[in-house]
Undergrad: 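The structure is given below, and queries will be raised subsequently.
Residue numbers start from 1 in every chain, and the chains themselves are labelled A, B, ... in the order their sequence lines are given, proteins ahead of strands.
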Amino acid sequence: MIYVIGGPTGSGKTTLAIALAKAWNAPIINADAFQMYQELNIGTNKEILMMRPFKPFLFDEVSPLENLSVAIYQQRFRKLIQTLLPKHPRIIMVGGTGLYMKASLYDFEFAPQQINPDSSKFDAFDNAQLHAYLATLDLEASQKIHHQNRRRVMRAIAILESTGKTKSEQEKTQLKTLLYPATFVGILPQREWLYEQLDKRVDVMFKQGLLEEVKSLVGKYGDTLLAFQAIGYKETIAYLNGKTTLGEAIQKIKQSTKRYAKRQITYFRHQLPMKWYRTWEEAFEALKA
RNA sequence: GGAGGCUUAGCGAAGCGGCCAAACGCAGCUGACUGUAAAUCAGUUCCUUCGGGUUCGGUGGUUCGAAUCCACCAGCCUCCA
């Protein structure tokens, strides 16, 4: 059985995961996009997990130079789970990236290879035109994707161009079934309290040396890595480049973190069959038996 | 003490007599989500029993009609003393 622990950042998912791992002697699989990157430590809150016995799989194992994606995560997860399932009656999966969980646990199928659309040939199209073009290729997909969401429109076009199949055809072959036995557990603290904790956590990150971490990473790799999309990193980089003051950067990080938490809540609420608990302790009591 | 300017929804800011419950931006709230997901995108934000009801510093006035014009009061700002 895979125990999937979701919820907003700062809710205590990780603490719960470790408590359960101890109680069950179970392995933990990380499902957090940015915690997969090595060297992004303080800003991605990896600290508690670094401790040896509970260090999760799919965690802290990819160079920041790489461009991760759902498909890569899914592939690694599927491979890993094959080796873990026979050996462990209980496996814990924790993280904040709901899509990664969903794509791994359900029968999502991605194109076999990374599609590198040369989007440049559509530069002349505005969003509405691009969307209209998609409608001529894959009406169904175009109806589901908002025309302003250029990234997704582009992707749908790219799928067709490189696989010969439309995005909606591809998705139709999937049944949306769960591939492994899994239970979904969510932690959803009271909003106001959570936001307070998140604000505090940002201050702590800076005390722990986030600024130095970012500086050294930028020195090593430059400032354009995909991994620097992470909250805490992009804002700090903006500060280092003189675009904002440090105070502004910190405010921005606090704000983005809270917005992110909200998006996570929405995702888990509507995209996965969570059973919710107010605190990690409550969840632990309910599950440990 | 004298001269002038300003006051609009949570904040910033348009509006300068009817088309104004009031553009736009920010922030907030809600939501979408199948290869960037800590990303990308959308909707929504005075109250409402959805008929309507109360707003544009305050009070009073002009007008068929006022956020828009006038008077007085209050607060803020600039310049001169």
Undergrad: Which nucleotide, if any, forms a Watson-Crick or G-U wobble pair with A66(B), using both distances under 3.5 Å?
TA: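 Result: none.
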
Undergrad: Is Gly232(A) touching bases, backbone alone, or none of the nucleic acid, heavy atoms closer than 4.0 Å?
TA: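 Answer is nothing: Gly232(A) stays at 4.0 Å or more from every strand.
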
Undergrad: Side chain of Thr97(A), heavy atoms from C-beta onward: which of A38(B), U36(B), C41(B) has the nearest atom to it?
TA: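 It is A38(B).
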
Undergrad: May I ask which nucleotide in the shown strands pairs with A27(B), Watson-Crick or G-U wobble, both distances under 3.5 Å?
TA: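 Partner of A27(B): U45(B).
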
Undergrad: Does a side-chain N or O from Arg263(A) land closer than 4.0 Å to OP1 or OP2 of G31(B), or not?
TA: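 The answer is no; no side-chain N or O of Arg263(A) sits under 4.0 Å from OP1 or OP2.
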
Undergrad: Can you tell me the pairing partner of A13(B) across any strand shown, Watson-Crick or G-U wobble, with both distances under 3.5 angstrom?
TA: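 Because no pair has both required distances under 3.5 Å, A13(B) counts as unpaired.
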
Undergrad: In whole Å, what is the span from the CD1 atom of Ile145(A) to the C1' atom of U34(B)?
TA: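 To the nearest whole Å, that distance equals 10 Å.
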
Undergrad: Under 4.0 Å between a side-chain N or O of Lys144(A) and OP1 or OP2 of A32(B)?
TA: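 Result: no.
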
Undergrad: Check whether any side-chain N or O of Lys234(A) sits under 4.0 Å from OP1 or OP2 of A39(B), and answer yes or no.
TA: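 For A39(B), OP1/OP2 do have a side-chain N/O of Lys234(A) under 4.0 Å.
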
Undergrad: Find the distance Lys165(A):NZ to U34(B):P and express it as a whole number of Å.
TA: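 Taking atom P of U34(B) as the reference, NZ of Lys165(A) is at 17 Å.
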
Undergrad: Would you indicate what Ala33(A) reaches in the nucleic acid, counting non-hydrogen atoms under 4.0 angstrom: base, sugar-phosphate, or nothing?
TA: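 If one applies the 4.0 Å heavy-atom cut-off, Ala33(A) turns out to touch the sugar-phosphate alone, with no base involved.
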
Undergrad: Distance check needed: U34(B) C1' versus Arg78(A) CZ, whole Å only.
TA: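 Going from CZ in Arg78(A) over to C1' in U34(B) covers 11 Å.
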
Undergrad: Determine the contact category for Lys167(A): base if any of its heavy atoms lies under 4.0 Å from a base atom, sugar-phosphate if only primed atoms, P, OP1 or OP2 are that close, otherwise nothing.
TA: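 Touches sugar-phosphate only.
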
Undergrad: For Tyr267(A) and U34(B), what is the distance between atoms OH and P respectively, to the nearest whole Å?
TA: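 Taking atom P of U34(B) as the reference, OH of Tyr267(A) is at 8 Å.
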
Undergrad: Using a 4.0 Å heavy-atom cut-off, does Lys176(A) contact any base of the nucleic acid, only the sugar-phosphate backbone, or nothing at all?
TA: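 Contact class for Lys176(A): base.
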
Undergrad: I need the Leu65(A) CG to Leu226(A) CG distance, nearest 0.5 Å.
TA: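 Result: 11.0 Å between the selected atoms.
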
Undergrad: Going by purine N1 to pyrimidine N3 plus the second Watson-Crick contact, or the G-U wobble pair, all under 3.5 Å, which nucleotide sits opposite A81(B)?
TA: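 Partner of A81(B): none.
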
Undergrad: Please check if any side-chain donor atom of Thr257(A) sits under 3.5 Å from a side-chain acceptor atom of Arg201(A), or the reverse.
TA: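 Side chains of Thr257(A) and Arg201(A): no pair found under 3.5 Å.
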
Undergrad: Record whether the side chain of Arg152(A) comes under 3.5 Å of the base of A42(B) through a donor-acceptor pair of N or O atoms.
TA: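 Side chain to base: no pair present.
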
Undergrad: Work out how far the C1' atom of G65(B) is from that of C33(B), and round it to whole angstrom.
TA: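 Roughly 50 Å separates the two C1' atoms.
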
Undergrad: Suppose you measure atom C1' in A9(B) against the same atom in G4(B); what distance do you get, rounded to whole Å?
TA: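 Those two atoms are separated by 29 Å.
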
Undergrad: With a 4.0 Å cutoff (strictly under), does any side-chain N or O of Lys262(A) reach OP1 or OP2 of C29(B)?
TA: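 Lys262(A) to C29(B) OP1/OP2: no side-chain N or O under 4.0 Å.
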
Undergrad: Mind checking the P distance from U40(B) to C47(B)? Whole angstroms is fine.
TA: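 My reading of the P atoms in U40(B) and C47(B) gives 31 Å.
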
Undergrad: Taking atom C1' in both U55(B) and A66(B), compute the distance separating them and give it to the nearest angstrom.
TA: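 Those two atoms are separated by 13 Å.
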
Undergrad: Using a cut-off of strictly less than 4.0 Å, decide whether Tyr100(A) has a side-chain nitrogen or oxygen near OP1 or OP2 of A37(B).
TA: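 Looking at the OP1 and OP2 atoms of A37(B), one of them is under 4.0 Å from a side-chain N or O of Tyr100(A).
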
Undergrad: Establish, with yes or no, whether the OP1 or OP2 oxygen of A27(B) is under 4.0 angstrom from a side-chain nitrogen or oxygen of Gln255(A).
TA: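 Indeed, a polar side-chain atom of Gln255(A) lies that close.
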
Undergrad: Name the pairing partner of A21(B), where a pair is Watson-Crick or G-U wobble with both distances under 3.5 Å, or state none.
TA: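 No nucleotide pairs with A21(B).
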
Undergrad: With the threshold set at 4.0 Å, does a side-chain nitrogen-carboxylate oxygen contact exist between Glu171(A) and Lys167(A)?
TA: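 A salt bridge links Glu171(A) with Lys167(A).
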
Undergrad: Of the nucleotides U40(B), C33(B), A42(B), which one has an atom closest to the side chain of Gln148(A)?
TA: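 Closest of the options to the side chain of Gln148(A): A42(B).
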
Undergrad: Suppose we define a pair by two distances each less than 3.5 Å, Watson-Crick or G-U wobble; what does A39(B) pair with here?
TA: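 Looking at the geometry, A39(B) pairs with no nucleotide.
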
Undergrad: Ignoring backbone atoms, test whether Arg151(A) places a side-chain nitrogen or oxygen under 4.0 Å from the OP1 or OP2 oxygen of A37(B).
TA: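 Negative; the distance criterion is not met.
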
Undergrad: Give the rounded distance in Å between these two atoms: CG of Leu130(A) and P of U40(B).
TA: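 So the two atoms are 17 Å apart, to the nearest Å.
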
Undergrad: Which distance, rounded to the nearest 0.5 Å, do you find between the OH of Tyr100(A) and the OG of Ser69(A)?
TA: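 Reported to 0.5 Å precision, the distance equals 6.0 Å.
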
Undergrad: So what's A74(B) paired with, Watson-Crick or G-U wobble, going by both distances under 3.5 Å?
TA: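 In the structure as shown, A74(B) has U7(B) as its Watson-Crick or wobble partner.
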
Undergrad: Going by atom types only, do Lys172(A) and Ser168(A) share a side-chain donor-acceptor pair under 3.5 Å?
TA: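 Checked: Lys172(A)/Ser168(A) side chains show no N/O donor-acceptor pair below 3.5 Å.
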
Undergrad: Using whole Å, what does the distance between atom C1' of nucleotide C29(B) and atom CD1 of Ile265(A) come to?
TA: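 After rounding, the gap between these two atoms is 12 Å.
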
Undergrad: Can you measure from OH (Tyr133(A)) to CE (Met154(A)) and round to the nearest 0.5 angstrom?
TA: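 So the OH of Tyr133(A) and the CE of Met154(A) are separated by 9.0 Å.
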
Undergrad: Output yes when at least one side-chain N/O atom of Arg259(A) is less than 4.0 Å from OP1 or OP2 of U40(B), else no.
TA: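 No.
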
Undergrad: Just call it for Phe268(A): base, sugar-phosphate, or nothing, with non-hydrogen atoms closer than 4.0 Å on any strand.
TA: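 The residue Phe268(A) makes no contact with any strand.
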
Undergrad: Base, sugar-phosphate or nothing for His270(A)? Non-hydrogen atoms, less than 4.0 Å.
TA: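 Answer is sugar-phosphate: His270(A) comes under 4.0 Å of backbone atoms only.
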
Undergrad: Given G31(B), A42(B), A39(B), which nucleotide is nearest the side-chain atoms of His146(A)?
TA: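 Per side-chain heavy atoms of His146(A), the pick is A42(B).
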
Undergrad: Between C56(B) and G10(B), how far is it from one C1' atom to the other, in whole Å?
TA: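 Result for the C1' pair: 15 Å, nearest Å.
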
Undergrad: Of Glu109(A) and Arg191(A), whose nearest nucleotide on RNA chain B comes first from the 5' end?
TA: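 Of the two residues, Arg191(A) wins.
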
Undergrad: How far apart are the closest heavy atoms of Leu225(A) and Pro64(A), and which atoms are they?
TA: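 Smallest heavy-atom distance, with atoms named: CD1-O, 3.4 Å.
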
Undergrad: For G75(B), does the O4'-C1'-N9-C4 or O4'-C1'-N1-C2 angle fall within 90° of 0, making it syn, or is it anti?
TA: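 The base of G75(B) is oriented anti (glycosidic angle more than 90° from 0).
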
Undergrad: Rounding to a whole Å, what distance do you find between Lys252(A):NZ and A38(B):P?
TA: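 My rounded result for the distance is 17 Å.
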
Undergrad: Expressed as a whole number of Å, how far does the P atom of G25(B) sit from that of A38(B)?
TA: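 That atom pair is separated by 27 Å.
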
Undergrad: Among side-chain atoms of Gln264(A) and Tyr260(A), is any donor-acceptor pair under 3.5 angstrom?
TA: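 Note: Gln264(A) and Tyr260(A) side chains meet the donor-acceptor criterion.
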
Undergrad: With sugar-phosphate meaning primed atoms plus P, OP1 and OP2, does Thr9(A) contact a base, only sugar-phosphate, or nothing at under 4.0 Å between heavy atoms?
TA: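 Answer is nothing: Thr9(A) stays at 4.0 Å or more from every strand.
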
Undergrad: NA contact type, Gln229(A), heavy-atom cut-off 4.0 Å: base, sugar-phosphate, or nothing?
TA: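 Base: the residue Gln229(A), judged by heavy atoms under 4.0 Å, touches a nucleobase.
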
Undergrad: Using only heavy-atom distances, decide whether a donor-acceptor pair under 3.5 angstrom links the side-chain of Gln174(A) to the base of U34(B).
TA: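 Looking at the base of U34(B), it does pair with a donor or acceptor on the side chain of Gln174(A) (distance under 3.5 Å).
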
Undergrad: Testing Gln35(A), Arg76(A), Lys55(A) for side chain to side chain donor-acceptor pair (under 3.5 Å) with Glu61(A), which one passes?
TA: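 The residue from Gln35(A), Arg76(A), Lys55(A) that satisfies side chain to side chain donor-acceptor pair (under 3.5 Å) with Glu61(A) turns out to be Arg76(A).
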
Undergrad: It should be established whether Gln271(A) places a side-chain nitrogen or oxygen under 4.0 Å from OP1 or OP2 of nucleotide C33(B).
TA: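 For C33(B), OP1/OP2 do have a side-chain N/O of Gln271(A) under 4.0 Å.
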
Undergrad: With P as the reference atom in both, quote the distance from U62(B) to U44(B) in angstrom, rounded to an integer.
TA: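 Taking atom P in both U62(B) and U44(B), they lie 41 Å apart.
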
Undergrad: Please report, rounded to the nearest Å, how far the C1' atom of A37(B) is from the CE atom of Met36(A).
TA: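 Rounded to the whole Å, the gap is 13 Å.
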
Undergrad: Quick check on RNA chain B: between Ala230(A) and Phe110(A), whose nearest nucleotide comes earlier from the 5' end?
TA: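 Going by which nucleotide is closer to the 5' end, it is Phe110(A).
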
Undergrad: Provide the distance between the two C1' atoms, one in C11(B) and one in C70(B), to the nearest whole Å.
TA: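 To the nearest whole Å, 31 Å.
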
Undergrad: Say whether, by atom type as modelled, one donor and one acceptor occur between the side chain of Gln271(A) and the main chain of Phe268(A) under 3.5 angstrom.
TA: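 Side chain of Gln271(A) to backbone of Phe268(A), a donor-acceptor pair under 3.5 Å: no, none is there.
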
